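Worksheet: one structure, shown below.
Quick caveat, the model's predicted, so the values are computed rather than measured.
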Amino acid sequence: MTAREAVTAMEAQAVINPEKSEKQASARGRILVLIDGSRMSYAALEAAADIAGKRDADILGVFVEELNLVRSAGFGFAREVGSVSGTSRPLDPGILEQRMRRLADQARAALAGAVKQRGGKASLSIARGRVIEEVLALVGPDDLLVLGRAGWSSPGGARLGSTARGLIRQSPGQVLLWCELKPRYQNRVVVFLNEHDEANHRAALAAIEICRHDHQPVTIVLGTDGEPAAERLDAIRQELEVLGASTRLRVMSDPNPATVARVLREERASQLVISRNSGLFNEPGTEQLLAALNLPITVTP
């Protein structure tokens with residue numbers, strides 16, 4: 001089956017039996033959300049609960065007690081600095097254990113509250129280890145992983161947190177980087193394509209899922225080093241027909257972070273979909289661009 005045939009079959013099934021299609025969509029995977037007690041993680045939880053409600057999917061909250069932090073508390077010279085006061089004080093193991101239990105209880109209560117408002121099933125996984133390793137042990141290729149783009153160690157918008165950077169590169173499925181503030185405008189979903197047809201197909205499917213629930217038009221941006229062949233453009237346009245007449249295609253030669261940022265502004269983007277296989281991730285400044293963008297970003301395999 002070609003990429004176009006697969007997309008068309010999905011859309012046709014939704015039209016013929018939308019209830020069955022929604023149930024099958026939810027069976028494809030769960031919504032996982034990493035909760036670490038930071039403000040950004042609670043914003044990501046609200047987004048995850050919204051998505052889970054729309055997809056009729058189960059939601060799994062993940063709370064990880066960072067192993068390295070627990071180990072460091074055992075050293076007499078270990079100290080912590082208050083995030084508000086800036087005061088340095090000894091890192092007491094007993095106080096640290098109490099804090100982690102309190103944060104886990106807060107995560108459980110927040111998850112229950114978010115799901116209660118929207119309906120659905122939810123559970124909380126609590127583990128002790130390294131965050132990226134523990135999350136990767138839980139997430140599957142059909143799951144959507146929702147992350148706040150920065151944790152305790154990163155001021156909002158300043159840079160991607162190390163956990164977010166690791167998971168968008170290693171997670172087997174889609175990763176949604178959520179921003180705390182909503183964009184000033186809600187206009188178009190922008191999908192960034194490249195030379196990898198299979199990766200492009202997965203990005204297109206993610207855009208279809210977003211548009212089905214958010215009812216927004218799509219702009220496809222094709223990044224290319226030179227002028228694309230006419231046959232390739234025709235094939236892409238044919239595949240995009242399933243997204244509707246409001247879908248438009250833009251070709252971006254010599255793509256780089258600055259140009260992508262300009263296009264997103266011109267398209268008044270409300271969301272960005274991009275494959276982790278995109279060459280853009282190899283460009284200097286891309287992670288800074290992703291951190292600075294005030295819009296949700298879905299990274300597909």
Side-chain angles (χ1 to χ4, degrees), residues 30-52 58-118 120-139 143-168 170-171 175-181 291:
R30 305 159 298 171
I31 311 299
L32 276 72
V33 55
L34 180 61
I35 309 172
D36 61 11
S38 67
R39 187 181 71 245
M40 292 295 292
S41 73
Y42 287 126
L45 170 59
E46 292 297 318
D50 280 336
I51 296 170
D58 294 342
I59 181 170
L60 175 63
V62 183
F63 179 85
V64 181
E65 300 173 349
E66 177 58 59
L67 182 61
N68 288 337
L69 181 60
V70 175
R71 286 176 173 171
S72 65
F75 296 106
F77 57 80
R79 305 185 69 81
E80 63 178 348
V81 178
S83 59
V84 177
S85 65
T87 303
S88 175
R89 53 184 178 264
L91 186 58
D92 183 271
I95 294 177
L96 179 61
E97 291 285 353
Q98 293 177 9
R99 183 186 306 161
M100 287 185 171
R101 286 195 296 269
R102 184 175 67 251
L103 287 174
D105 289 341
Q106 291 173 356
R108 185 179 293 104
L111 178 60
V115 173
K116 183 178 180 180
Q117 295 178 9
R118 301 165 178 87
K121 297 179 181 179
S123 57
L124 180 68
S125 171
I126 300 177
R128 176 167 292 188
R130 294 178 175 84
V131 177
I132 292 178
E133 293 177 1
E134 294 298 330
V135 174
L136 291 177
L138 292 171
V139 67
D143 296 330
L144 170 65
L145 176 60
V146 185
L147 305 172
R149 63 182 60 203
W152 287 107
S153 61
S154 300
R159 61 183 175 88
L160 288 182
S162 58
T163 298
R165 290 199 308 272
L167 288 173
I168 62 174
Q170 298 179 55
S171 179
V175 178
L176 171 59
L177 291 175
W178 193 252
C179 57
E180 187 178 18
L181 301 176

Taking atom [atom1] of [X] and atom [atom2] of [Y], what is their separation to the nearest 0.5 Å?
{"X": "Leu32", "Y": "Ser125", "atom1": "CG", "atom2": "OG", "result": "8.5 Å"}
{"X": "Ile31", "Y": "Leu45", "atom1": "CD1", "atom2": "CG", "result": "12.0 Å"}
{"X": "Ser123", "Y": "Ile59", "atom1": "OG", "atom2": "CD1", "result": "9.0 Å"}
{"X": "Leu124", "Y": "Ile126", "atom1": "CG", "atom2": "CD1", "result": "4.5 Å"}
{"X": "Tyr42", "Y": "Ile35", "atom1": "OH", "atom2": "CD1", "result": "7.0 Å"}
{"X": "Ser171", "Y": "Leu176", "atom1": "OG", "atom2": "CG", "result": "11.5 Å"}

Is the shortest side-chain heavy-atom distance between [X] and [Y] below 4.5 Å?
{"X": "Asp36", "Y": "Phe63", "answer": "no"}
{"X": "Leu136", "Y": "Gln170", "answer": "yes"}
{"X": "Val62", "Y": "Glu134", "answer": "no"}
{"X": "Met100", "Y": "Leu103", "answer": "no"}
{"X": "Arg128", "Y": "Val64", "answer": "no"}

Heavy-atom pair of closest approach, residues [X] and [Y]:
{"X": "Ala44", "Y": "Gly148", "result": "CB-N, 3.5 Å"}
{"X": "Ala48", "Y": "Val33", "result": "CB-CB, 3.8 Å"}
{"X": "Glu46", "Y": "Ala114", "result": "OE2-CB, 3.8 Å"}
{"X": "Leu147", "Y": "Ala164", "result": "CD1-CA, 4.0 Å"}

Charged N to carboxylate O below 4.0 Å: is that the case for Asp105 and Arg102? no

Closer than 4.0 angstrom, basic N to acidic O: yes or no for Arg130 and Glu65? no

Measure from the side-chain N and O atoms of Ser41 to the backbone N and O of Ser38, and report whether any donor-acceptor pair falls under 3.5 Å.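 Checked: pair present.
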
Sub-3.5 Å donor-acceptor pair from the side chain of Asp143 to the main-chain atoms of Arg30, do we have one? yes

